[in-house]
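All remarks here apply to the structure that follows.
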Amino acid sequence: METHLAKRVEIIIEAPLERRLTDALVKAGVTGYTVLPVSGGSGASGQWTRAGQVSSAGGMVAVVCLIRPDRKDDLLDAAFSVVERHIGVVSISDAEVLRAERF
Amino acid sequence: METHLAKRVEIIIEAPLERRLTDALVKAGVTGYTVLPVSGGSGASGQWTRAGQVSSAGGMVAVVCLIRPDRKDDLLDAAFSVVERHIGVVSISDAEVLRAERF
Amino acid sequence: METHLAKRVEIIIEAPLERRLTDALVKAGVTGYTVLPVSGGSGASGQWTRAGQVSSAGGMVAVVCLIRPDRKDDLLDAAFSVVERHIGVVSISDAEVLRAERF
Amino acid sequence: MADILSLAASNLISPIILSFVLGLLAALARSDLSVPEAVAKGMSIYLLFAIGFKGGVGVAAHGLDAKLVGTMVAALALSFLLPFIAFALLGGLTKLSTVDKAAVAAHYGSISIVTFVAATSVLESRGIMSEGYMVAAAAVMEAPAILSALWLIAWKGGTTRTDGGLYREILLNGSIVLLVGAFFIGAITGEEGLERIASFIVSPFEGVLCLFLLDMGLVAGRGLRESWRELGIGSVIFGVTMPLIGSVFGLVAALLIGLSPGGAVLLMTLSASASYIAVPAAMRVALPEARPSIYLTLSLGVTFPFNLTVGIPLYTAVATSIAGG
Amino acid sequence: MADILSLAASNLISPIILSFVLGLLAALARSDLSVPEAVAKGMSIYLLFAIGFKGGVGVAAHGLDAKLVGTMVAALALSFLLPFIAFALLGGLTKLSTVDKAAVAAHYGSISIVTFVAATSVLESRGIMSEGYMVAAAAVMEAPAILSALWLIAWKGGTTRTDGGLYREILLNGSIVLLVGAFFIGAITGEEGLERIASFIVSPFEGVLCLFLLDMGLVAGRGLRESWRELGIGSVIFGVTMPLIGSVFGLVAALLIGLSPGGAVLLMTLSASASYIAVPAAMRVALPEARPSIYLTLSLGVTFPFNLTVGIPLYTAVATSIAGG
Amino acid sequence: MADILSLAASNLISPIILSFVLGLLAALARSDLSVPEAVAKGMSIYLLFAIGFKGGVGVAAHGLDAKLVGTMVAALALSFLLPFIAFALLGGLTKLSTVDKAAVAAHYGSISIVTFVAATSVLESRGIMSEGYMVAAAAVMEAPAILSALWLIAWKGGTTRTDGGLYREILLNGSIVLLVGAFFIGAITGEEGLERIASFIVSPFEGVLCLFLLDMGLVAGRGLRESWRELGIGSVIFGVTMPLIGSVFGLVAALLIGLSPGGAVLLMTLSASASYIAVPAAMRVALPEARPSIYLTLSLGVTFPFNLTVGIPLYTAVATSIAGG
Ligand SMILES: Nc1ncnc2c1ncn2[C@@H]1O[C@H](COP(=O)(O)O)[C@@H](O)[C@H]1O
Ligand SMILES: Nc1ncnc2c1ncn2[C@@H]1O[C@H](COP(=O)(O)O)[C@@H](O)[C@H]1O
Ligand SMILES: Nc1ncnc2c1ncn2[C@@H]1O[C@H](COP(=O)(O)O)[C@@H](O)[C@H]1O
Ligand code: NA
Ligand code: NA
Ligand code: NA
């Protein structure tokens, strides 16, 4: 099966910023993204869990984005513009994908 | 701690196909897989969210599968046979695992 | 955008052990982690799904941890001490991160 | 006519309809109001269980009548037949691909259980009786239309993905199993069983229906906002014409069988309504090339609100005046 | 005074308060008791829908009175004004940064709908009537305080992140839309509508409130356990003083408008309560540097229990004796 | 005997049992019917809160009687003792490893709160009174059996993983905390408190129980389908014998204490039932080598349905005829 090089970008960001991030990603030219729920975590700003929460404020989501390697910088710029002042982490790893025409 | 080379395959696929995919994976010889819920996303076929949905039709799941590197082709063939006509993405990255005897 | 090398460790572990694992990670010096819900899976000990479950016993969670590469061994030792006798998988992949000062 | 209008007006200002409208408006205005998926599924389980159970109790109380078999046969026939009519109508009104037309047709041959529930709730508020086994007719009509759609595709030379698993999935679909199962539980335990759980499945029923319709409004509104551009005017005309055509078939069947006016209203509603749970999932497996932005938007965004606001009062007025109210 | 104490005591041993205490204790003792997020959101949707609907029915039943406009203006003014008082008070009592002070101030200018609901439930159990449109006042008070906080930051030379989207999000926040929407549905369908869904939104209301407060106790307790170290004694004093100050402003406004004693209690409660849903989400977007460990812990861990246990009985006693009970 | 059979038959056709059967059949037939995890947890919170609260109100109404202490001591003793009997019986009937035997034994010393709830619901429908504090006995019996199992392992030379955290987790387990907490809330607020929330925790109780048992049937059926191959015939015999043995111990204890017939039924049911929430989670931590496919399948797939269908009517018949009904 033929595969193609790609980058897998995973952005863990506060839930209230989800739409702003995905809008920025789309503007930066990504063809798609997937949002995974996050149930808890810990970092410099303390520990948290979604259990029993009503407000979206106390939670994060993970946005996974597969992109062609040459789009990496645009995407990171876009992501960073949203994440900049906020808590959350951005990681990038090398990946291969099937069906490169989709990215 | 000794680690062993492996591949991490992540398949984001429509929820109604989950069982077909995992059956195909098992047939292709994977020793295990893990299914993560997906709460929303966007791609060529538009944007979606699971919020308020009752039908499984309007949603996707992420299936993560750690395999020995030499099993990669079998697995991709199996995955592709299911994903082929459907929306969704398949990505593979290099990984190391503990306890290689499990894979 | 400047990125820094890191390791992305993903630990899929039984839900009742979540707190023990995260405590061990924190002790081993990780600066943060993120917990993702897992809805089902399969492995040597059979197939399972969270659907309809009340007890935390029949389920797993995925703990994702981004670390500086030099912390990898400490973290794996810590993770292994918890996972050792239990079912579950640990995988590590290379990654880059933004904002290295956070890790 | 004045009667229909007044019925429609009084129907329109019910909490049920207004809750749907609230959800629709909130979604169109891009409010972040949303119902968690688990809660929506929970309410749907509640509604299916309650409506099935009450149908079963109805059968236990009033006995099986001779019309039961006729009703089931008619339901089966309608569900097989209506997709062909829908397919032909779509051919006349739209330029959709064969696959899209077949997928839409499958939705309109199948049924929307919430539309059915809303109709029973209207009947109840007007004191119109109906046959308890109409719930079984609803269950019978869920799946056959999918086969018609697959047959249409095969006939047009297209390919579908129908492994053996698909038929089991369609038949043992969660909502069918729950509806039928609850129906049997109701039929077995009867009035006595109902009494024990009435304050759970009867009294709060209409309130839960409000919140569920709020959610349906949110989902429908989100779908419309995302996909209305893909719907041509022809599709929209289809979305309001097809239920009317379907309801006529339902009415004729009801008259032939000799159903009560309430039963006729329900068979009309079933024929007029379009699926939004079982069929979409089956389509994703069997006809992945068909676009949900067409079939879901039509079924949930056009036909569902049409039936809720105009359709049900209309079918009620027609059936009660023709079938003798 | 004895009256207040006995009111407070009888209030304290209600299932509602005790459920909150149970949640609080369970969280402090690190029990793994927890309510799933989806269930908590489901209960919150139920409570907002029920309280909005009943408010609307109240307006439909008793008619709009001339005080309505006054109440809305007062609610708006209070929500704009209180953050400035809170900001000043925080300046005197704590060493918090400007950003933290502004964020806390926004919470105290806004309202906690559960505190409001708990107050209505106390009023009901004492047979004290209140104006139905107080629910609309609650909705009006949700958002304006956010603007005051942003203005405070700008005035102090700080920067906020306020794209156009933010204002839409604040105004079309799910809880505001649901509360206002349900209010209108209640007002349109009136007593007749209420009757159809009363066994859903009226009878089980207080029981659902118990479970919701159990969850609030769990969340508040977890917050306190995690963050109490970051709260200085000054902040805690603020957390119990500010509601009292707020309630006095609410009382004065109520007297000026001429609200009924029950209405006065509710306006006092609104002024005294601090947001824990809409404002925190807005703060995460607009003032990301402000620490949730301060503003959420104060609002949910200090002021919420204070109002629940001491505040509401106190406001009830004061309002009924001054506004003529 | 005829009495027992008629009791059993009338029990079997209750909506509660039939809902369980429906879930079981749906899972065995591989239907995709499923209840979301959050909804299942929400229902379990509701049931624990309601049953605890009602027990507390019972104590408040009828007062503490001298038997209370005896009941708690007996409950404690039974929970410590029964695992040893189960362990020995498993040794005779099966070839399971020591670890598996100990884990199964822990489950049978502990209790299933849903079985308890189903028994109270049978008692209520027959108008048989029972002591309110039986709920407290249920809470007392949740955890001690775990210690017996760990002790059995240590005695056999095995190793367990018991850090200090484990004991806190077992004792402050969510379901124990909620049950005991609700019991105290009920005892404190009494009949007056109950009245305020009765239409939430009393009237819809049996209906919620139906849906919860539907879910239990689904989970049990899935477990059976997945793991029945691992159960030998010996294990299955254990799964229906052990509850009978347990119930005899419960009966003897009840007679020694002088419990009412209803109380005796409940103590028998507690002794006969096997845990499916608290113990499995503790086993995953302390005895990871024990196989859930054995202990969960036995507890949920064999013993739970046995008690629900045969056990409870049998215990009721025996207790009422011996303890003087
Ligand atoms: N090293 C890390 N690995 C994985 N997730 C992290 C890490 N650091 C932070 N996070 C996630 O990001 C959130 C905010 O982190 P922080 O800004 O450090 O408080 C945490 O609650 C975690 O969910
Ligand atoms: N580049 C991508 N990165 C991550 N997820 C994607 C990507 N493209 C598509 N997806 C996911 O796959 C689904 C279907 O994509 P598509 O087939 O492009 O409509 C989307 O809704 C996303 O959840
Ligand atoms: N190869 C694998 N890839 C991904 N997840 C796995 C794999 N093997 C096991 N798992 C996960 O770990 C759980 C326990 O695995 P096991 O210990 O093999 O029963 C499974 O139910 C899966 O959720
Ligand atoms: Na139809
Ligand atoms: Na306020
Ligand atoms: Na037992």
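Letters A, B, ... are given to chains in the order of the sequence lines, protein chains preceding strands, and every chain is numbered from 1.
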Using non-hydrogen atoms only, which part of [X] is less than 4.5 Å away from chain B: side chain, backbone, both, or neither?
X: A:L36; answer: both
X: A:V64; answer: side chain
X: A:S93; answer: neither

Rounding to 0.5 Å, atoms CD (A:E2) and CG (B:L76) come to a distance of 12.0 Å
Mind checking the CZ-OG1 spacing from B:F80 to A:T3? Nearest 0.5 Å is all I need. 12.0 Å
Per-residue contact mode, [X] against chain A (heavy atom under 4.5 angstrom):
X: B:I92; value: both
X: B:R8; value: side chain
X: B:I87; value: both

Which residues satisfy the salt bridge (charged side-chain N to carboxylate O under 4.0 Å, His left out) test with A:R19, sequence neighbours excluded?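 So A:R19 forms a salt bridge (charged side-chain N to carboxylate O under 4.0 Å, His left out) with A:D23, E:E169.
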Would you mind telling me which of B:E10, B:M60, B:Q47, B:R50 has the largest number of heavy-atom pairs within less than 4.5 Å of chain A?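 Among B:E10, B:M60, B:Q47, B:R50, the one with the most close pairs to chain A is B:E10.
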Minimum-distance pair of heavy atoms, taken over all atoms of B:V38 and A:V35: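 For B:V38 and A:V35, the tightest heavy-atom pair comes out as CG1-O, 3.3 Å.
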Taking every non-hydrogen atom, the tightest pair across A:P37 and B:P37: CD-O, 3.3 Å
Do A:R99 and B:V83 touch side chain to side chain, with heavy atoms closer than 4.5 Å?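 Yes, at least one pair of side-chain atoms sits under 4.5 Å.
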What's the verdict on salt bridge (charged side-chain N to carboxylate O under 4.0 Å, His left out) for A:E96 and B:K72, showing C-alpha distance, side-chain angles and the deciding distance? CA-CA 12 Å; A:E96 297 163 78; B:K72 183 182 133 183; 3.0 Å; yes
